[in-house]
Amino acid sequence: MRALGKSGSITQLLKTLGTLSPDERQTKGPLFNGLRERISTLISERKDDLEAAVLNARLATERVDVTLPALAALVGAVHPISQVMDELAEIFANLGFDVAEGPEIESDWHNFTALNIPPEHPARAMHDTFYFPADPAGERMLLRTHTSPVQVRTMLERKPPIRIVAPGRVYRCDSDATHTPMFHQIEGLVIDRDTHMGHLRWCLETFIKAFFEVDAVTTRFRPSFFPFTEPSAELDVQCSWEGGKLTVGQGESWLEILGCGMVHPKVIAACGLDPAEYQGFAFGCGIDRLAMLKYGMTDLRAFFDADLRWLRHYGFSFLDVPTLSGGIGA
Ligand code: PHE
């Protein structure tokens, strides 16, 4: 600035060229210009040096040796959704369930048709499905709208007796404080020769007690409808919100927890099993909501903001693995 700026010394010097005689200009011109060039190269060299020094200083102070053992507290936290998934897997493993998986990009047949939701069925409209473009045969893949297609895949792949839970991501075109376009469900499926609704009730009550770590719960089945279960019900659990704090098990209010029912004979048949021989139950439950209820978060969207402060507050240590004996919640 002081040399090359608008009123800098070199700039001023160059301006005097106009007042000089042609002879003088001939000798002073190259001199002044050479001076200007030298100064600007010196300045830019100095700038490069300073920048390199700053970079080297940062490289020296921010160096991380990733091979060194790290403290758990320094390497992040287990997300509440992962934590709850681990808790659920532990609870159901103790009841003799395997964990099954299915693809998130699913065929229309697995997500709908095999689950007794044929094309043009009004239940399809309720699912707000994300579809992929159709292939040349007119088939459209989709992002699964629930974990129920894993029921279908499991029945096609395994022989009864079947006892699985399938946790995972599901997608619906919906977004507000209680809905995100991607969320998590856990599906349960039991298929055997004489499984009945009483087994379903016991299984769900046992799961609720273990998950909320209470000795007793009062539950009720509310009649509902799902095309893939008959009869269908929603499970409510008695609770209280006294003092703004949720207590599960007793109280004046009811908490809607999940949808369930006896697997529809048409679904069993679509999966290659004989509905006269086999029957069973299924349930589907929102994991994010379970996590919010148990650990007291109020806005679902925060789950997916990747805000470190939120994660540090609500996250779990990866060393605290949930076990039934050591405690399911951290
Ligand atoms: N798939 C259902 C839903 O997403 C839940 C469900 C699963 C209901 C299994 C009954 C049996 O809403």
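Each ligand, and each atom within it, is numbered from 1 in the order the structure gives. No hydrogens, no waters, no symmetry mates; every other heavy atom, side chains included, goes into these values.
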Region of Arg172 engaging ligand 1 - heavy atom pairs below 4.0 Å: side chain

Just which atoms of ligand 1 are under 4.0 Å from any heavy atom in [X]?
X	answer
Ser148	1 (N), 7 (C)
Gln185	3 (C), 4 (O)
Cys260	8 (C), 10 (C), 11 (C)
Gly259	6 (C), 8 (C), 10 (C)

Nitrogen or oxygen atoms of [X] and ligand 1 under 3.5 Å apart:
X	answer
His146	yes
Thr145	no
Gln151	no

Common cluster, Val84/Leu293, ILVMFWY with side-chain heavy-atom separation under 4.5 Å: yes

Identify the closest protein heavy atom to [atom]: which residue and atom is it, and at what distance?
atom	result
atom 2 (C) of ligand 1	Phe228 CZ, 3.7 Å
atom 5 (C) of ligand 1	Gly284 CA, 4.0 Å
atom 9 (C) of ligand 1	Glu187 OE2, 3.3 Å

Any side-chain heavy-atom pair of Arg36 and Leu4 under 4.5 Å: yes

Validation row: Glu106, Leu143 side chains within 4.5 angstrom (heavy atoms): no

Face-on cation placement of Arg140 at Phe132 ring, 6.0 Å and 45° thresholds: no

Lys266 and Glu230 ion-paired at < 4.0 Å: no

Residues Asp174 and Arg172 bridged, charged N to O under 4.0 Å: no

Point-to-point distance, once rounded to the nearest 0.5 Å, from CG of Leu189 to CZ of Arg153: 14.0 Å

Aromatic plane relationship, Phe304 with His184 - under 30° parallel, 30 to 60° tilted, over 60° perpendicular: parallel

